[in-house]
Amino acid sequence: MMGAGREAIANARSLNITDSAKLSEIGNIAADIVYELGTLGLKTEQNITRATRLAGAGVSKENIINVIRNNLDSSPFIQKKILNFEEFKYLDSSQKWCLQNAIDNGYIDISKWMGKISGNFENLTVEEWNAVNKYLINGKDLYRIPEGNIKTPDFLIDGVKIEFKGINAQTFDNIRTQALKYANESFPPTPSGKNADRLVLDCAYNNLDINLEQAEALLNEIKQLYPNKVVEIWTKFGDFFK
């Protein structure tokens, strides 16, 4: 049996499925899906991983192909099954509780995750959960830096200290005002600032009207103030950074 089949069986066993016939069926479904993904031109590492998880959670072959082909989110019911797989056993009860709430609210889809999450997930905003989901889908290992008496950035990703800010403003002038404020809070060293390496400004989640030229101008303005730092702007047209 192919690797995907063995992995799907291991996932199913995490859910206390012990019937040998059922386990064999789950393994065969996973192996068949990997082959079919190849015929559809969808055989990526992420899709194989997701298909393996979904098969282990008991999703039918037809439904797995459908959600992958149409990039649909997995249901909260299925995601909570996946949360009990061996790969998530390192999480403690508090971390799992936070993830379950985020799943119930539709903020994340752990079936798509390729990265690993750690740290304290309490009190994340909707925009921050959206960022967490995006990073983990893209294979980044993310650590949520705990809050304390000293100001700190939000996340540590690949050794880079990242401050994330969701922006909600009606005009570009207001977007610019918020962005400059966040830069001045994020980049200076502690104790006055957070000593972040990178500032991510999310204008996409709230579908803000900021075009490529405006994003470029804003990036340049902040880079003039902090030339040794990295600024990233997420827009509905794409992500830009300097």
Side-chain angles (χ1 to χ4, degrees), residues 1-121 124 129-144 157-158:
M1 185 177 293
M2 295 176 62
R6 291 193 296 270
E7 185 68 25
I9 289 174
N11 290 337
R13 284 181 172 142
S14 298
L15 303 178
N16 298 317
I17 296 174
T18 58
D19 181 78
S20 58
K22 182 63 177 176
L23 290 172
S24 179
E25 178 187 353
I26 287 171
N28 288 331
I29 286 173
D32 288 346
I33 288 171
V34 171
Y35 173 79
E36 191 159 339
L37 288 174
T39 65
L40 295 171
L42 297 172
K43 190 177 178 181
T44 65
E45 182 182 359
Q46 183 185 58
N47 285 342
I48 292 172
T49 299
R50 190 181 187 198
T52 302
R53 287 172 178 155
L54 295 177
V59 181
S60 70
K61 175 182 174 180
E62 293 75 17
N63 283 338
I64 294 173
I65 293 297
N66 181 52
V67 297
I68 290 177
R69 177 184 279 172
N70 296 293
N71 196 28
L72 303 176
D73 287 340
S74 300
S75 71
F77 176 73
I78 294 300
Q79 288 190 61
K80 287 177 183 177
K81 280 190 171 185
I82 293 171
L83 193 56
N84 287 313
F85 287 173
E86 188 67 32
E87 63 179 303
F88 291 104
K89 288 289 178 68
Y90 71 93
L91 298 169
D92 63 29
S93 58
S94 174
Q95 292 171 319
K96 284 192 173 182
W97 182 83
C98 290
L99 290 177
Q100 287 169 351
N101 281 341
I103 288 169
D104 284 335
N105 287 316
Y107 299 157
I108 60 177
D109 184 352
I110 67 171
S111 75
K112 300 177 182 179
W113 286 4
M114 297 298 289
K116 190 173 182 179
I117 189 171
S118 58
N120 185 341
F121 321 142
L124 288 178
W129 274 119
N130 180 66
V132 166
N133 197 49
K134 180 173 180 174
Y135 282 124
L136 291 170
I137 286 174
N138 288 324
K140 300 294 185 181
D141 290 336
L142 180 147
Y143 172 69
R144 169 82 187 288
I157 301 176
D158 295 337

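Since the model is a prediction, treat every value here as computed from it, not as a measurement.
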Any donor-acceptor pair under 3.5 Å linking the side chain of [X] with the backbone of [Y]?
| X | Y | value |
| --- | --- | --- |
| Asp19 | Ala21 | yes |
| Asn84 | Leu15 | no |
| Gln46 | Met114 | no |

Tell me, do [X] and [Y] make a side-chain contact under 4.5 Å, heavy atoms counted?
| X | Y | result |
| --- | --- | --- |
| Val34 | Lys43 | yes |
| Thr52 | Phe85 | no |
| Leu54 | Asn63 | no |
| Lys80 | Asp104 | yes |
| Tyr143 | Ile157 | no |
| Arg144 | Leu124 | yes |
| Lys61 | Ile64 | no |
| Phe77 | Ile103 | no |

ask   = Given the rule in the side-chain contact (heavy atoms from CB on, under 4.5 Å) test, do Gln95 and Leu99 qualify, once you have shown the distances and angles that lead to the verdict?
value = CA-CA 6 Å; Gln95 292 171 319; Leu99 290 177; 5.6 Å; no
Nearest heavy atoms of [X] and [Y], plus distance in Å:
| X | Y | result |
| --- | --- | --- |
| Ala30 | Ala8 | CB-CB, 3.6 Å |
| Ile33 | Ile65 | CG2-CD1, 3.9 Å |
| Trp129 | Cys98 | CZ2-O, 3.9 Å |
| Ala57 | Lys81 | O-NZ, 3.2 Å |
| Ile29 | Ala55 | CG2-CB, 4.3 Å |
| Ser111 | Ile82 | CB-CD1, 3.6 Å |

What distance separates [X] [atom1] from [Y] [atom2], expressed to the nearest 0.5 Å?
| X | Y | atom1 | atom2 | result |
| --- | --- | --- | --- | --- |
| Ser14 | Lys89 | OG | NZ | 5.0 Å |
| Lys112 | Asn47 | NZ | CG | 10.0 Å |
| Ile9 | Glu25 | CD1 | CD | 11.0 Å |
| Arg69 | Glu36 | CZ | CD | 7.5 Å |
| Lys22 | Ser20 | NZ | OG | 12.5 Å |
| Phe88 | Arg53 | CZ | CZ | 5.0 Å |

request  = Mind running side-chain contact (heavy atoms from CB on, under 4.5 Å) on Tyr107 and Val132 for me, showing each step along the way?
outcome  = CA-CA 9 Å; Tyr107 299 157; Val132 166; over 6 Å; no
query = Step by step, would you call Trp97 with Leu91 a side-chain contact (heavy atoms from CB on, under 4.5 Å)?
reply = CA-CA 10 Å; Trp97 182 83; Leu91 298 169; over 6 Å; no
task = Could you verify whether a donor N or O on one side chain and an acceptor N or O on the other, from Asn70 and Asn66, lie under 3.5 Å apart?
result =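 Per modelled atom types, Asn70 and Asn66 side chains form a pair under 3.5 Å.
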query = Considering the options Asp73, Asn71, Ile78, which one meets the side chain to side chain contact (heavy atoms under 4.5 Å, CB included) requirement together with Asp109?
reply =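 Per the side chain to side chain contact (heavy atoms under 4.5 Å, CB included) rule, the option paired with Asp109 is Asp73, out of Asp73, Asn71, Ile78.
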inquiry  = Ile26 vs Ile17, test: side-chain contact (heavy atoms from CB on, under 4.5 Å). Steps then yes/no.
reply    = CA-CA 10 Å; Ile26 287 171; Ile17 296 174; 4.3 Å; yes
